[in-house]
Each structure stands twice: as C-alpha cells, then as structure tokens.
Engineer: 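Right, I'll just put the structure down here and ask away after.
Nothing here was measured: the structure is a model prediction, and the numbers come from that model. All values below were derived from every heavy atom in this structure, side-chain atoms included, with hydrogens, water molecules and symmetry-related copies excluded.
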Amino acid sequence: MNDSAATPENLSGTIERFVFKSEESGFSVAVISNRVHRSIFVIGHLAGIHPGQQIEATGTWVTHPKFGRQFQIQSFTQKIPTTLLGISKYLSSGLIKGIGVVYAQKMVDHFGADILTIIENEPERLHEIEGIGPKRAEMIAASWQDQKHVSSLMIFLQEKGVSTAYATKIYKKYGQTAMAVLKENPYRLAEDIWGIGFKTADKIAQQLGCPALSRARIKAAIVHLIANATSSGHVYCQIQPLKEQLYKLLELDFIEHESLVKYALHELYQEEKIKLITHDDQHFITLSSYYYVEKNCAATIKNLLNHPSSHTFDLQKLYHQLAVDDGKGVVLNEEQQKAVLATLQSKITIITGGPGTGKTTLVKKLLMLLEQQAVRYQLAAPTGRAAKRMMEGTGRHAMTLHRLLEFDVSTMQFAHNEKNALKTDFLIIDEASMLDMFLMHAVLKALPHTAHLVLIGDIDQLPSVGAGNVLNDMIESGVVSTLRLKHIFRQAQDSLIITNAHRVNHGEFPSSSTQSGKKDFIFIKENDPQNLFAHLEQMIKHKLGRLGFKPEQSMVLVPMNRGIAGTFTINHQLQSLLNPGEKPTVQSHGTAFKVGDRVMQIRNNYDKLVFNGDVGSITNLLSEDHQITVTFGDREVVYEWSELDELVLAYAISIHKSQGSEYDVAIIPLFMQHFILLQRNLLYTAITRAKKLCILIGQPKAIALAIKNNKGTVRHTFLKQFLTSDLSCR
C-alpha cells in the first residue's frame with residue numbers, strides 16, 4: 001500500500017469533513033483542503049479534531065488499491081481556523097455545546113473573525129446575538145474552556161497509544177488536574193471512573209513508564225480482580241484462583257514472580273485494604289470495605305433480633321381474627337395465617353413463595369392488622385417497577401429503597417442511617433431476592449432497633465445482580481424466621497404461566513395445553529437461532545395485535561448479551577423494526593440512539609437517581625447541547641453525550657436485568673448457544689416475568705438442559721457464617 005518513496009512530508013489544511021471516525025480509538029478518515037489541493041483524503045488518529053479546524057500534519061503519501069492516493073498522518077498539531085468559512089464550520093461542528101449551524105452563522109455574521117476571541121475573553125458579549133441569553137452564553141463559554149482541556153487530554157492519550165473515548169470522562173472527574181493524575185498514578189482511573197477498567201489504566205501506566213513488575217501495578221491488579229468478582233455476585237475470592245488470574249493478567253511467571261505477589265498482598269493487608277478469611281480449610285480474600293459491609297449486616301441482624309419490639313401484639317386474638325372472613329374479600333389459608341403471625345412475633349421475617357401462592361394477599365391482610373393497631377409501616381422494593389407493582393397489589397403507597405433511604409447527592413450517602421433512622425415500626429420489602437449486600441447494609445443501618453423487618457420474595461428466582469446472596473444466606477443460617485408458601489390458589493392454577501413456572505421449578509417441561517382453555521403460554525419450537533428474528537418480527541408486528549397486545553407491551557428476555565440470540569444483536573434488529581425512519585441520532589460505543597428508543601440504565605448513578613436496570617425511553621435529542629433526555633416513568637433525566645455508555649437499547653434485556661419487573665408479554669428465546677447460562681432458576685425467573693402472555697421460542701434440548709441444571713451458581717459469601725459465628729478471619 002505504501003508508495004516506494006515514503007519520505008515524511010508536511011501537509012497543512014482545513015478539515016472539511018469526516019468520512020469515518022472511531023470514537024473508541026480516534027482513528028479517522030477525513031477530507032482536508034488547502035490552497036494547493038481542493039480535496040485530500042487523510043487517514044490517521046485525529047482525536048479531538050473537528051470540521052473547520054486547521055491542522056499541520058507530518059506523514060507519508062500512500063496508495064490504497066481501492067481508495068487511491070491518501071496522506072497517512074503520523075503526527076499533527078492543530079490550529080484555530082482563521083477564515084470566516086472555516087470558523088463557521090468549526091463552530092457548527094458540534095464541538096461546543098449550545099452552538100449549532102444557525103447560531104454559528106449568526107455569531108460569525110455579528111462578530112466576524114473576532115468571534116473566537118470573544119468566546120475566549122468576553123463571553124458576556126454573546127448576549128448581543130438574538131436568541132443567546134445568559135444561560136446559553138454561560139454554556140458556550142464553559143464548553144469552550146472544557147474542550148480546550150479535553151482536546152489536550154485526547155492528544156496526550158493518543159500519543160500514548162490509548163483510546164480517547166474516555167477523555168471527557170477523565171476530564172469531568174479530575175478537571176484541570178487530569179494530566180497530573182495520569183502521570184502520578186494512572187491506576188486511579190480504574191477505581192475512580194466507571195467504564196475504565198484495569199487494562200486501560202495499565203496501558204496508560206505502561207506508556208508512561210511504570211515498570212511491569214512494580215508493586216503498585218501488582219497491587220492495583222489484585223484490587224481490580226477482587227472488585228471484578230462482584231460482577232459475578234462474589235464478595236470474596238479464593239486466593240489460589242485469584243493468583244492464577246493475576247499471573248495471567250499481568251503475564252507473570254508463577255515461580256519467578258511469586259515473591260513479588262506475596263509482598264504485594266502483604267502490603268495491601270498492612271494498609272488494611274484487604275481481609276483474609278479461612279473457612280473449611282480454604283483461604284479467601286476480599287476488600288476490607290466488602291468485609292465490613294457483610295460483617296456489619298450480620299451484626300445488625302443479630303441486634304435487631306435481640307432488641308424488643310416497639311409494639312406488643314395479642315397473638316391469640318389476632319389469630320382468631322385471621323381465621324375468619326373479614327367481609328373485605330381477604331381470606332387467608334393456614335400457611336398465610338402463620339406467616340402473618342410470624343411477622344408480628346419475630347423482629348425479622350422472610351416470606352418466600354412462587355407465583356400464585358398468595359404473597360400479595362398476605363401482605364394486604366398484614367397491613368389491615370397494622371392499621372387497626374395504629375402501627376406505622378412503610379412499603380418498599382429495590383426497583384421502581386417492583387415498587388409500582390407493590391402499590392397496585394396492596395392499594396398502599398410504596399417506594400424504591402433508594403427513595404425511602406433518601407440519597408443525598410451532596411454527601412454521596414443515604415440520609416437515613418444509624419444516626420438518622422427511619423420513622424417506622426414495620427418495614428416491608430417486596431422482591432427481596434434482588435437485595436444485594438450493599439443495599440441490604442444500607443437498609444439495616446437505617447432501621448430503628450425496635451422495628452420489624454419483613455422480606456417478601458421468591459428464593460427460587462435468580463439471586464441479586466449485585467454482590468452477595470443475602471436472602472439465601474439469611475434463610476440458610478437458620479437465625480431468621482422463614483415461612484415458605486407452597487399452596488397454589490385455584491384461580492392461579494388456571495394460568496399456564498403460573499403452572500408452567502411451578503412445573504419448571506419442579507424439574508418438569510412446560511406444557512402448552514390447559515383444561516381451563518386459558519391460552520397465556522405459547523411454545524414455538526425452533527432449532528436454528530438464525531431464524532429467531534423472523535419469529536420475533538412475525539410475533540411482534542402481527543400476532544401480538546391479533547391477541548390484543550401492542551408491541552410496546554412486550555419485552556424480549558434473553559439469557560446472555562452476546563451471540564446471534566443475544567441482547568446486542570436482537571436490540572439492533574428490533575430497533576430497525578420498532579423505531580424505523582430517519583431521525584437525528586447520536587453514536588455511542590457502536591449504538592445509534594434516537595428519539596423513541598427504549599433504553600436501560602446499566603449502572604447505579606446516584607447523581608441522576610437512576611439505577612442499574614431502570615428502563616425508559618428517549619424523548620429528546622439536542623445536538624447543539626450534546627444532550628439527550630430519557631424519561632423514566634414520570635421523571636425526565638438529561639444525559640451528556642459522554643455519559644451514553646451508561647445506556648443500552650432495551651427492546652431486549654437479559655433475564656438477570658428483568659428481576660423485579662413484570663411485562664404484559666414476555667418473549668423468551670432459549671438456544672444451545674446460551675449453554676453456559678442455562679439453569680433452572682434462569683428459566684423460572686424469565687417465565688415469572690410474564691403477566692398476561694409468555695412466549696417461549698427455542699430448542700427443546702436447550703430448555704430441557706436448563707430445567708435439568710438445578711445446581712445454580714455458587715457465590716463466595718459469608719453472611720451465613722457471620723450470622724452463626726462459624727468463621728475464622730484476619
């Protein structure tokens with residue numbers, strides 16, 4: 001491809017347009033022009049460069065067999081444009097928030113070539129332009145200053161051979177100290193900035209000259225591996241497998257570098273950053289913060305159980321009251337009666353049961369009794385969707401746990417804690433299987449010692465997305481009063497969704513036939529995942545309508561994200577199907593977002609008060625301001641373009657992310673390519689997400705394999721042992 005005489009040359013010109021630009025790497029194909037050449041194709045890394053900018057580049061001429069003669073850039077310096085046309089194109093490129101094509105032309109018409117100096121030194125004069133008020137002028141000035149620093153950061157990262165995709169995030173976190181932080185301790189990036197992992201931080205560190213065998217690098221890698229294990233639900237890591245991962249990650253030799261790893265672990269321990277635990281002759285390691293969260297959970301549970309209640313209940317009298325029809329249509333069976341009494345008698349009660357076993361009816365009766373006794377109570381759930389379902393089921397107000405605990409953005413802590421407890425006598429939490437260790441810790445800290453805690457959930461569903469196995473560990477400990485509802489009520493037996501959920505839970509293949517005639521479960525046999533989209537198109541565009549449903553009432557629930565039957569592929573297919581047409585888009589990490597798209601938040605963002613798994617829709621896209629608006633329920637949340645990696649399309653979501661939600665129509669593809677995740681509790685959880693119609697599409701072999709696999713995934717947690725005091729730690 002290179003010409004024979006590939007002597008480096010200098011080339012200057014104005015960027016006219018980009019033919020291709022990777023946000024991840026900065027690699028670009030652009031067209032520039034100068035006095036000699038009207039159109040020159042240039043290729044290379046042009047991070048931080050926008051149309052209208054002038055550059056001076058060093059590189060070589062190459063000839064591409066398909067695209068012809070091009071200038072391959074090796075290095076460049078950027079210059080501010082000087083011509084009116086160049087300045088107008090530069091300002092309208094989307095570089096500066098608050099300026100689009102219209103305002104760019106107005107600004108150039110009014111101030112001429114002085115406009116860039118005005119923005120830099122006298123931004124208040126922008127008010128002279130019609131339509132630019134104080135707020136927009138302030139936005140333009142701030143964006144101009146930010147962009148200068150971000151561009152410098154992008155060029156710095158580019159020189160180090162590192163992706164520039166996170167430059168804006170790094171600058172947003174550290175401001176003008178960003179360069180100093182990178183040079184002092186680049187491993188901080190992995191800890192401080194969501195989306196930047198150890199490998200990216202390590203790449204920067206290596207380019208900055210950090211020795212491959214430095215103690216800082218090994219310690220950072222150990223912390224990274226422990227923290228990364230929480231994505232699989234673990235609170236602790238077994239030491240030997242962790243070391244093996246460490247040697248592989250850092251490309252170390254087990255024998256030659258064993259002492260380095262030993263010393264790094266010792267330093268982390270001396271610095272009180274890690275804790276070691278021995279259990280059943282096995283050694284485990286975790287971060288000290290994780291250890292204390294789990295240990296404090298156990299201590300608070302014990303304290304609650306041992307502390308007297310704020311109320312004394314006449315259990316005999318209430319038992320007789322429960323045993324009769326109260327005339328309000330709430331009639332309990334014996335299992336439910338025992339469960340209600342247990343919540344009054346015990347400080348902490350877990351009530352678990354599958355669909356149709358009467359958990360909601362039980363809670364309604366409990367609330368009637370508490371109201372009669374003038375007992376204060378609050379209802380909550382881990383997600384907004386679960387809280388809404390709780391309100392619909394009980395007729396009482398319920399809220400998310402984050403809202404109940406009142407997260408304070410100024411302190412990045414919950415306002416309610418051990419020093420500012422909730423004012424309640426009973427806290428009833430639905431979908432408790434979703435509680436991870438950190439959220440459970442926050443709940444327990446905020447609960448008055450005299451209060452009762454009632455956890456309602458289905459222990460047979462998938463465990464929490466976050467770290468820990470809270471509900472299961474509490475049950476297994478035997479310390480907490482637990483009641484399991486097994487009776488399926490007759491009206492529930494008429495639903496194939498419910499009967500098939502229980503069939504799967506008992507290790508049986510789901511059935512499509514029912515004596516009641518209610519057709520709320522459909523199985524479509526398909527052995528080739530290549531044909532999945534054809535089924536989805538037929539179902540969503542045609543059959544759902546004939547069954548009385550709209551496409552937006554459906555959700556595709558998938559075991560995994562990757563592959564032809566994964567959420568990534570299905571989402572892009574369904575986006576073209578359900579949100580077609582030419583609309584303004586913004587690209588982020590290979591996804592084109594546009595107004596009307598259904599999207600999901602994939603991390604907890606306490607600044608915005610949106611959380612992992614929240615689903616909303618894009619209702620506005622402002623190209624000039626580099627922002628999109630996502631509506632979650634009745635809340636509008638604004639995202640900067642640099643924050644779009646927190647969102648994914650949500651026409652299809654993973655089954656794990658669907659926990660706590662119900663959909664009128666749940667469509668579940670299951671194929672052998674999902675082999676690694678095929679488990680009984682996965683399929684059971686997916687089926688129980690369907691409210692009115694469940695459609696299972698896939699291979700009978702894959703479904704049978706999932707039903708047979710009842711082992712579940714072992715999570716390394718020690719809440720059970722802390723509760724039973726069966727643990728050795730140092």
Engineer: Mark yes or no for whether Gln413, through its side chain, and Asp408, through its backbone, hold a donor-acceptor pair below 3.5 Å.
Structural biologist: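 Side chain of Gln413 to backbone of Asp408, a donor-acceptor pair under 3.5 Å: no, none is there.
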
Engineer: Please check if atom CD in Glu251 has more than 12 non-hydrogen atoms from other residues, nucleotides or ligands closer than 6.0 Å.
Structural biologist: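 Count not over threshold, so no.
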
Engineer: Got a second to check how far Ile668's CD1 is from Leu557's CG, nearest 0.5 Å?
Structural biologist: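 Going from the CD1 atom of Ile668 to the CG atom of Leu557 covers 6.0 Å.
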
Engineer: From Met560 CE over to His656 NE2, what is the distance, rounded to the nearest 0.5 angstrom?
Structural biologist: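 That separation rounds to 11.0 Å.
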
Engineer: Out of Leu225, Leu242, Leu268, which residue meets the side chain to side chain contact (heavy atoms under 4.5 Å, CB included) rule with Ile285?
Structural biologist: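 Going through the options one by one, the only one that passes is Leu242.
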
Engineer: For the pair His674 (side chain) and Ala565 (backbone), establish whether a donor and an acceptor sit closer than 3.5 Å, ignoring hydrogens and angles.
Structural biologist: yes

Engineer: Mind listing the closest non-hydrogen atom pair of Glu640 and Lys172 along with its distance?
Structural biologist: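 Glu640 and Lys172 have their closest heavy atoms at CG-NZ, 4.4 Å.
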
Engineer: Is any side-chain heavy atom of Val235 closer than 4.5 Å to a side-chain heavy atom of Thr230?
Structural biologist: no

Engineer: Just by distance, with hydrogens left out, do Gln659 and Gln461 show a side-chain donor and acceptor under 3.5 Å apart?
Structural biologist: no

Engineer: Quick one: side-chain contact (heavy atoms from CB on, under 4.5 Å) partners of Leu705, sequence neighbours excluded?
Structural biologist: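 side-chain contact (heavy atoms from CB on, under 4.5 Å) list for Leu705, sorted by chain: Met672, Phe675, Leu678.
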
Engineer: Is Glu258 salt-bridged to Lys243, cutoff N-O under 4.0 Å?
Structural biologist: no

Engineer: Would you please indicate if the ring centroids of Tyr236 and His716 are separated by under 6.0 Å?
Structural biologist: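 That pair fails the under 6.0 Å test.
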
Engineer: Does the separation of the ring centres of Phe611 and Tyr606 fall below 6.0 angstrom?
Structural biologist: yes

Engineer: Test of understanding: with side-chain contact (heavy atoms from CB on, under 4.5 Å), list the residues that count as partners of Val479, not counting sequence neighbours.
Structural biologist: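 Per chain and number, Val479 pairs via side-chain contact (heavy atoms from CB on, under 4.5 Å) with Leu305, Ser477, Leu723, Thr724.
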
Engineer: Verify whether the ring centers belonging to Phe718 and Tyr291 lie closer than 6.0 Å.
Structural biologist: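 So the answer is no for these two rings.
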
Engineer: Just jot down the side chain to side chain donor-acceptor pair (under 3.5 Å) partners of Asp192, sequence neighbours excluded, or say none.
Structural biologist: Tyr174, Arg188

Engineer: Can Lys273 and Glu267 be counted as an ion pair, charged N to O under 4.0 angstrom?
Structural biologist: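 A salt bridge is absent here (no side-chain N lies under 4.0 Å from a carboxylate O).
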
